[in-house]
Amino acid sequence: MNKKPFVTLEQLEEITKTYPTPFYLYDEKGIRENAKALKEAFSWNPGYKEYFAVKATPNPFLINILREYGCGCDCSSMTELMLSHEIGVTGEDIMFSSNDTPAEEFAYAAEIGAIINLDDFTHIDFLEKTIGYIPETISCRFNPGGIFQISNDIMDNPGDAKYGMTEEQLFDAYRILREKGAKHFGLHAFLASNTVTNEYYPMLAKVLFELAVRLKKETGADIRFINLSGGIGIPYRPDQEANDIRIIGEGVRRVYEEVLVPAGMGDVAIYTELGRFMMGPYGCLVTKAIHEKHTYKEYIGVDACAVNLMRPAMYGAYHHITVMGKEDAPCDHVYDVTGSLCENNDKFAIDRPLPKIDKGDLLVIHDTGAHGYAMGYNYNGKLKSAELLLKEDGGVQLIRRAETPKDYFATFDCFDIIKGLV
Ligand SMILES: *Cc1c(COP(=O)(O)O)cnc(C)c1O
């Protein structure tokens, strides 16, 4: 598949007159169309709700677009809870799926009425001691251990993951939570990340639905929702085929009819906590080639670095790159595309065949709309970029300004020595 940017060179030339590179650009049209398709794919389930995984793209402007399609927020930390609450997401429209959770975060989540999803058996006690009661609605996270596979393909390795409770712990947790006053239950699991197959959700659904039937039978718990969490992936590479959310929704429906309905559980709501699938393809990092270096390899130095996008450095992740204006030129050069960190893994691409790049060329780094900006950091004193929204009408809106040195030095404001800088 030919991966095409959602923005043209002409548009970028116009945008860069106002906003210097590097910056993140998001595609309102793409975000809307995808959110609508997700909603439709699960419309067979009356209680269905997507809780957008805020950690993927914690920008209120983007989250507000998703809210128009009925999405809530899935939070993993205090500031994500604060952000969601601040923009008016309330009560059970907030899911708190966290792990190794600090007491003050449980306390705040309870205060704003979020649904708490317990990662561990010991958190029952910890939560009760922290807030003084067990909420009426509560969820537990399951980890089946072992490896999770679809036919012969290993999807991921839950047995190696720090998250969730064993099956035995889960049954005990439901019993104890009931004794302590919980009335309505949720069941959650996240067993594989960035799956590019339509089979992951239906397979996960089968595991969770069958477990839910047994949990209900053996503990008497009223199971209100099953949370399939995140994990639906996107095709980062041009040779990958995108998931079809309609097929995924239909696959989950079939398992629902097969397992839950006959067990008298045809009123259970399906929840999802997608992050990558909601935003990944609808954001890109725009950067400019500023240097060319010929040593033992050919390097193109750009004005973005791993601080702006950590995934290649952290996971060796592939992000497709388009050299704007050279879409149809032959990829007859092989480059390492690097940032300026004093860190040799600061490379957006290694040995990548690309058209000849000239200084001043604009590069679009694809599929950075989720886990992109959000993972940024400040190593080497580098500053985070701006985030811009390409509106449906073609206009551009600044949805987060770039950091300035003042932001970087702000945490020294208590020291006289640095006063001049802040
Ligand atoms: C990260 C995360 C998600 C979102 O994952 P994606 O791969 O972006 O869909 C959802 N739920 C939990 C608990 C997470 O940690």
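We count ligands from 1, going down the list as the structure has it; atoms in each ligand are counted the same way.
- With hydrogens and angles left out, the side-chain atoms of Tyr19 and Arg401 include no donor and acceptor closer than 3.5 Å.
- Looking at Arg311 and Tyr318, their side chains never bring a donor and an acceptor atom within 3.5 Å of each other.
- Put simply, the side chain of Asp27 never gets that close to the backbone of Phe6: no donor and acceptor are under 3.5 Å apart.
- Geometrically, Lys384 engages Tyr373 in a cation-pi contact defined by less than 6.0 Å to the ring centre and at most 45° from the axis.
- Taking the six-membered ring for Trp and thresholds of 30 and 60 degrees, Tyr271 and Phe225 have nearly parallel ring planes, at less than 30 degrees apart.
- For the pair Asn143 (side chain) and Tyr163 (backbone), a donor-acceptor distance under 3.5 Å is present.
- Within 4.0 Å of ligand 1, contacts by protein heavy atoms are made from Ala53, Lys55, Asp74, Ser97, Arg141, Phe190, Ser229, Gly230, Gly231, Glu273, Leu274, Gly275, Arg276, His371.
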